[in-house]
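What follows is a set of notes on a single structure, which appears directly below.
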There are 2 protein chains.
Amino acid sequence: MPVTIYDIAKTASVGVGTVSRVLNNHPNVSPKTRERVLKVAHELNYQPHAFAQGLARKKTNTIAAIIPFFTNYFFLEVLQGIQDKILTLGYDIMLYGLNENDPEQFESYLLRATQKGRADGVMLFSLRLPEFFAQKYKHINQPMILVDCAHQDFDSITVDNRAGAYAATKHFIDLGHEKIGMINANPISPPAQQRFEGYKAALTENGLSFNQNFYKSSKIMKYDGFSREAGYVSMMEVLDLPKDERPTAIFVSSDVQAMGVLSAMRDHNLQAPDDIAIVGFDDIELAQHIGLTTVSQPMYEMGVLSVGRMLDRLANRNGAVTHTSFTPKLIIRETCGQLKTKLAAVDE
Amino acid sequence: MPVTIYDIAKTASVGVGTVSRVLNNHPNVSPKTRERVLKVAHELNYQPHAFAQGLARKKTNTIAAIIPFFTNYFFLEVLQGIQDKILTLGYDIMLYGLNENDPEQFESYLLRATQKGRADGVMLFSLRLPEFFAQKYKHINQPMILVDCAHQDFDSITVDNRAGAYAATKHFIDLGHEKIGMINANPISPPAQQRFEGYKAALTENGLSFNQNFYKSSKIMKYDGFSREAGYVSMMEVLDLPKDERPTAIFVSSDVQAMGVLSAMRDHNLQAPDDIAIVGFDDIELAQHIGLTTVSQPMYEMGVLSVGRMLDRLANRNGAVTHTSFTPKLIIRETCGQLKTKLAAVDE
DNA sequence: ACAAATAGTGGAAGCACTTCCAAATAAATA
DNA sequence: TATTTATTTGGAAGTGCTTCCACTATTTGT
């Protein structure tokens, strides 16, 4: 039933080699034969068998993507970038979506994605690569590129969390704030650490000192503390402080957390930016709906770029490992407020 | 370099047939041989070649999913359901994500997903299947199952839009509203039509008449009018009406649109539910953050079920076509307000 | 017109597996 | 113990394609 190149060969009275050559645009086949074969192929409604091609070519034309489906939808836009780029290049995407932060499931996906003959390469998103796996994997001749996470032995594309956090904090300083706090996710997460560093650097490099009372990090493990609940809890702690000991502005390490922060404020009948100014991080879709000032990452571009890296790597397996970092940019909306002086003028 | 079953066969001094039998848990292989082969396979760190298996078995163990990435993130949760279910079954997912509503891209994905030897079946999400393709496809012996869309010739899993809209509208009626409006997406979209029908039915079956002035449908083509902008524009029209001619409650055909509706209200210094009560449809993540009453679809379950259908179909290609419909349920939050009488008592 | 180079072609071998068939071995029956 | 039956086993054939090698047909040069 399914038509193969043998059927074409027979019908067009040529050899299978010739058919293959025509189909793959190899030179060295006369125009008349080429045309005849093409005609027959079309008439028979021929479709190449993907797996057979893959087997013979030792190439799957597929790349695997392991993506955390939970938290912040960061991946979604990156995925869109990848999608657009990759399909124009004739590759397909094999999707492995983690629904929760389960190391076992992660590993099983990793194993599966890296199975021989399944995909030409794998892309890993926002997931910490277990060291033992990295070691094991290095010897396999299959490229892996890391997006929003890093490992010295593999190509990576990341966002400069430190710079983003710095920009957010600096913005508060420029607005005239002096009591600037931060609500962080769980510090075991590298991005959380980096964002904290940026925050601290902005403070100290601009003549403000780091005040432990204004800094809350989460101990919640789920989603590494990048959750609405974590933000809520931390903000509640902040609001336990007497009114005049509270920070006047808070940089929150993610937009989802900022959602929780905002809820906590509402529960205390407080408003951003009037009572406390807020800046988030990520620029999830929600952010624009609620007017959250936040730090935006060029997600789509990261996706596109990561595909480029993958192809480079596929073409040249032994090139030097590269690490690319994008600088995120501050998107100013309502929750950060305006210049303090201006505000004061209006208020009083 | 890569180890094949021949390597195992040689090392274990058995034939390749035996190796294959062991690896596939066929009976008729003595315990000792089985053990020996297994041991060697493990020592050599053997991994079966996915494509070679696929070719020989005439089965890819992959299913393709064509999904619109744009609008309402409905698909995301469905995808999670699919993901969880499918991987436990040993299948992989090939992802084809449409970034925009581009028929050409859609068709190219469709072609690709249905390519011979690429996937065992394809799942189509929220996408209208072109009739010519349906006809063409029917003859291919590859299952296709439709999620959130339908076609008589293929299995489908949908949501009962009519029932959902009915429930939303009925809720307003129960709350005592009499001037109940609807802001709809573009009526060319089947779900939009169905939701409109449900709205209308609820009205007429409960002694209220349909008032053309309270109904606004969108002419916007982008996303079939399921967008924030569309909602905003329609609501602005509504708000052009003199205050006492406006509806007191509005059912909006999607949550994204409801976002726009709410913005429009804010721009007029109006609040839900105090000034106008609002109910949406979809229950996107946003909805709970902003307290939007809405109609929720069992998305995860739909994903899980769709995988089940796919496997059934894979096992029995000639069974009767099935159409499953889920009844969505009303999630009551803040934007719909409370009983009119109660409200009045508080207000005055 | 003839040799030498080139273009075009058929088909075998290989890709890494599964599966079937026949042969060999072991177990069970008489 | 001889014979039948059941269990194991090796390996060839097949899956649909690419690629290489040898061979033929066509040009080109002289």
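The structure presented is a predicted model; accordingly, all values stated were derived computationally and were not measured. Letters A, B, ... are given to chains in the order of the sequence lines, protein chains preceding strands, and every chain is numbered from 1.
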Inset, instruction - Take the angle between the ring planes of A:Phe51 and B:Phe51 and call it parallel below 30°, perpendicular above 60°, tilted in between. - result: parallel
Inset, instruction - Establish, from distance only, whether the side-chain atoms of B:Thr62 and B:Asp92 form a donor-acceptor pair under 3.5 Å. - result: no
Legend entry - B:Arg313/B:Phe154 under side chain to side chain contact (heavy atoms under 4.5 Å, CB included): CA gap, chis, key distance, verdict: CA-CA 10 Å; B:Arg313 186 51 70 193; B:Phe154 299 95; over 6 Å; no
Legend entry - d(CZ, A:Arg34; P, C:dT9) in whole Å: 10 Å
Inset, instruction - For the pair A:Tyr137 and A:Phe133, name the ring-plane relationship: parallel under 30°, tilted 30 to 60°, perpendicular over 60°. - result: parallel
Inset, instruction - Let me know, please, whether A:Leu23 or B:Pro31 comes out on the 5' side of the other along DNA chain D by nearest nucleotide. - result: B:Pro31
Inset, instruction - Rounded to the nearest angstrom, tell me the gap between atom CZ in A:Arg21 and atom C1' in C:dA7. - result: 11 Å
Inset, instruction - Provide the start and end nucleotides, 5' to 3', of the part of DNA chain D that has atoms under 4.0 Å from heavy atoms of chain A. - result: D:dG16 to D:dC20
Inset, instruction - Taking only Lys NZ, Arg NE, NH1 and NH2, and the carboxylate oxygens of Asp or Glu, determine whether A:Lys138 and A:Asp153 approach each other closer than 4.0 Å. - result: yes
Legend entry - Sidechain-backbone polar pair: B:Gln80 side chain, A:Asn99 backbone, donor-acceptor under 3.5 Å: no
Inset, instruction - Indicate, with a heavy-atom threshold strictly under 4.0 Å, whether B:Ser20 touches base, sugar-phosphate, or nothing. - result: base
Would you tabulate the pairs of protein nitrogen or oxygen atoms and nucleotide nitrogen or oxygen atoms of nucleotides 14-16 of chain C closer than 3.5 angstrom?
unit_1 : atom_1 : unit_2  : atom_2 : d
C:dC15 : O3'    : A:Lys58 : NZ     : 3.4
C:dA16 : OP1    : A:Lys58 : NZ     : 3.4

Legend entry - Under-4.0 Å side-chain N/O to phosphate OP1/OP2 contact, A:Thr18 with C:dG8: no
Legend entry - A:Tyr46 versus A:Asp7, side-chain donor and acceptor atoms under 3.5 Å: no
Inset, instruction - Find which nucleotide of DNA chain C each of A:Arg36 and A:Val16 is nearest to by heavy atoms, and output the residue with the more 5' nucleotide. - result: A:Arg36
Legend entry - Polar side chain donor-acceptor pair, B:Gln152 to B:His323, under 3.5 angstrom: no
Legend entry - Nucleotide C:dC20, atom C1' - distance to CG of B:Asn28 in whole Å: 13 Å
